[in-house]
Amino acid sequence: MPVLNRAELSRTGVIFVALLLAAVSMDMSATGAVAREFRAADTQAENYPTVQALRYMGALIAERTQGRHEIKVFHSRQLGEEKETIEQTRAGAIDLNRTNVALIGNFVPAMNVLAMPFLFRSIEHMQKVLDGPVGSEILDSFEPYGFVGLAFYDSGARSIYNGVRPVRGLADLKGLRIRVQQSELMSQMVRALGAEPVELPYGQVLTGLANHLIDGAENNWPSFVTTDHYKHAGHYTLTEHTMSPEVLVISLKAWQSLAPDDRNIFREAAQRSSRFMREKWRDLEEQSQRKAQAAGVTVIRDIDRKPFEDAMAPIYAKAGRDPAAAALIERIRKVE
């Protein structure tokens, strides 16, 4: 073999690097993006429908991109509480995040409308709104705030539960310390009902109930049971005050790293995961109700909801001062 001097070696190295970069460039051109693992956050347990849906979405993406892109799901608050993970997603430290609309409403104004109490007439009404033009427009409104909205997940109806006494009317709520999400809107709602709101991260509610730091909380059937809240709060009142959905977002930074074709793959996989999640959710909701009642939880069904709805008048009056929020509320109510 010929012996190369230092200059020739240098030129050879430059040529090699250039060829390598060209090959990478050609590979990126052919595939649309560099292979990558995306981190997804969810505060729920491993077998929860939203976590299963994220994994289902990841499998679809891996299949469609032939393994170039994968999603690694961090469940059970491994990356922090929802408030923390939303901030990390906005900064681009977390790629995907499943969160409740009430919490992300601190960043995206339209989400506060979806969290409004007694807005949706039924689960069917909510799904029709979210699956239609209104839902699409709301998802499209995320980008200026550092996120891209991909899909909505169901989270059932939220109701009030406590370990002190059955709540059959507003008078029974007076003086009760009720945990709410870290959301000003939720605090206003509980305060309007006559109880004392206590903003706590989701992971601290069980300890709060067990140690009587709070008297109760409000959530859906699966969250009430899978977290063991039902063991310390034996009175569940079907107020069904909110039917606020969950929303799946991707950080704007991660979204901009995707080629156009891959963006379409992510959107389609997210929408399919939403339908997958609904099926899992219905099953878990039924199982949770049966488990709670078998454990002796008293379910108060026969309440007069009108006084509860009437108590929300100041909240709607305040929201109505924002023309955009008022228009969105009106559009949602008109959906048949």
Side-chain angles (χ1 to χ4, degrees), residues 41-52 54 73-87 97-104 115 153-167 172-173 175-183 185-187 189-191 193 195-242 244 246 280-281 283-300:
D42 197 313
T43 56
Q44 298 289 3
E46 186 173 9
N47 61 348
Y48 204 78
T50 53
V51 176
Q52 293 182 58
L54 285 173
V73 181
F74 293 84
H75 55 82
S76 307
R77 301 185 298 280
Q78 293 176 59
L79 299 181
E81 296 287 353
E82 276 186 271
K83 187 174 184 291
E84 299 161 358
T85 61
I86 291 170
E87 291 168 349
N97 197 352
R98 188 286 313 157
T99 181
N100 189 269
V101 297
L103 285 168
I104 203 167
Y153 289 165
D154 282 7
S155 64
R158 298 175 75 98
S159 292
I160 292 173
Y161 49 89
N162 79 95
V164 178
R165 55 179 174 266
V167 172
D172 299 319
L173 278 169
L176 292 183
R177 290 168 53 81
I178 302 295
R179 177 265 174 178
V180 295
Q181 296 157 296
Q182 293 166 291
S183 157
L185 177 62
M186 292 297 100
S187 289
M189 182 201 72
V190 167
R191 199 174 292 115
L193 293 174
E196 181 183 346
V198 180
E199 293 190 13
L200 274 182
Y202 186 56
Q204 296 178 20
V205 181
L206 180 61
T207 300
L209 288 169
N211 295 331
H212 305 290
L213 301 174
I214 54 175
D215 299 312
E218 51 84 46
N219 219 317
N220 54 50
W221 278 111
S223 293
F224 176 57
V225 172
T226 59
T227 54
D228 285 344
H229 294 180
Y230 75 104
K231 295 179 180 179
H232 303 278
H235 308 290
Y236 192 98
T237 302
L238 285 174
T239 52
E240 297 187 331
H241 48 269
T242 61
S244 54
E246 313 284 345
K280 297 291 184 182
W281 178 263
D283 294 341
L284 182 58
E285 202 167 39
E286 292 172 4
Q287 294 170 20
S288 300
Q289 285 193 51
R290 289 197 297 269
K291 185 172 182 177
Q293 290 177 284
V297 171
T298 301
V299 182
I300 299 93

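Worth knowing before you read on, the calculation uses all heavy atoms, side chains too, and leaves out hydrogens, waters and symmetry mates.
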Result for side-chain contact (heavy atoms from CB on, under 4.5 Å) between I178 and one of V167, V190, I214, L193 points to V190
Rounded to the nearest 0.5 Å, the OG1 atom of T237 sits from the CG atom of L173 at a distance of 7.5 Å
* Can you find a pair of side-chain heavy atoms, one from T227 and one from L206, that are under 4.5 Å apart? -> no
Trace of the side-chain contact (heavy atoms from CB on, under 4.5 Å) decision for R179 with Y202
CA-CA 9 Å; R179 177 265 174 178; Y202 186 56; 4.1 Å; yes
- Message: Salt bridge or not between R98 and E82? Use side-chain N to carboxylate O under 4.0 Å.
- Response: yes
Rounded to the nearest 0.5 Å, the CD atom of E87 sits from the CG atom of N97 at a distance of 11.0 Å
Q) Less than 4.5 Å apart, any side-chain heavy atom of Y161 and any of V297? A) no
ask   = How about P197 and M186: do any of their side-chain heavy atoms sit closer than 4.5 Å?
value = no
Problem set entry | Check: P201 main-chain N/O paired with Q204 side-chain donor or acceptor under 3.5 Å | no
For S155 and N220, test the side chains for any donor-to-acceptor distance below 3.5 angstrom and give the result as yes or no. no
side-chain hydrogen bond (donor to acceptor under 3.5 Å, both in side chains) test vs T50 passes for just one of D42, D154, T99, namely D42
inquiry  = For the backbone of V299 and the side chain of Q293, can you confirm whether one donor and one acceptor N or O come within less than 3.5 Å of each other?
reply    = no
Tightest non-hydrogen contact, residues A115 and T242, listed as O-CG2, 3.5 Å
Practice item. Determine whether the side chains of T239 and R158 contain a donor N or O and an acceptor N or O closer than 3.5 Å. Key: no
Tightest non-hydrogen contact, residues V101 and S244, listed as CG2-CB, 3.4 Å
NE2 (H75) and CD (E46) are apart, to the nearest 0.5 Å, by 3.5 Å
Here the gap from E218 atom CD to M189 atom CE, rounded to the nearest 0.5 Å, amounts to 5.0 Å
(message) Less than 4.5 Å apart, side chain to side chain, heavy atoms only: is that true for Y48 and P222?
(response) yes
Note: A45 and S76 closest approach over all heavy atoms is CA-OG, 3.5 Å
Heavy-atom nearest pair, S223 first then Q44, reads OG-NE2, 3.7 Å
- Heavy-atom donor-acceptor pair, S183 side chain to L103 backbone, under 3.5 Å: no
What one should report as the nearest heavy-atom pair of G156 and E285 is CA-OE2, 3.8 Å
Original post:
Any side-chain heavy atom of L176 sitting closer than 4.5 Å to one from R165?
Top reply: yes
dist I104:CD1 -> T85:OG1 (nearest 0.5 Å) comes out at 9.0 Å
| request: Flag the pair Y236 / W221 as yes when their ring centroid distance falls below 6.0 Å, and as no otherwise. | output: yes
Worksheet item: Would you say the side-chain atoms of Q52 pair up with the backbone N or O of N47, donor to acceptor, closer than 3.5 Å?
Response: yes
Can a donor-acceptor pair be found, under 3.5 Å and without considering hydrogens, that links the side chain of E246 to the backbone of N100?
yes
Smallest heavy-atom separation, L213 atom then R177 atom, equals O-NE, 3.0 Å
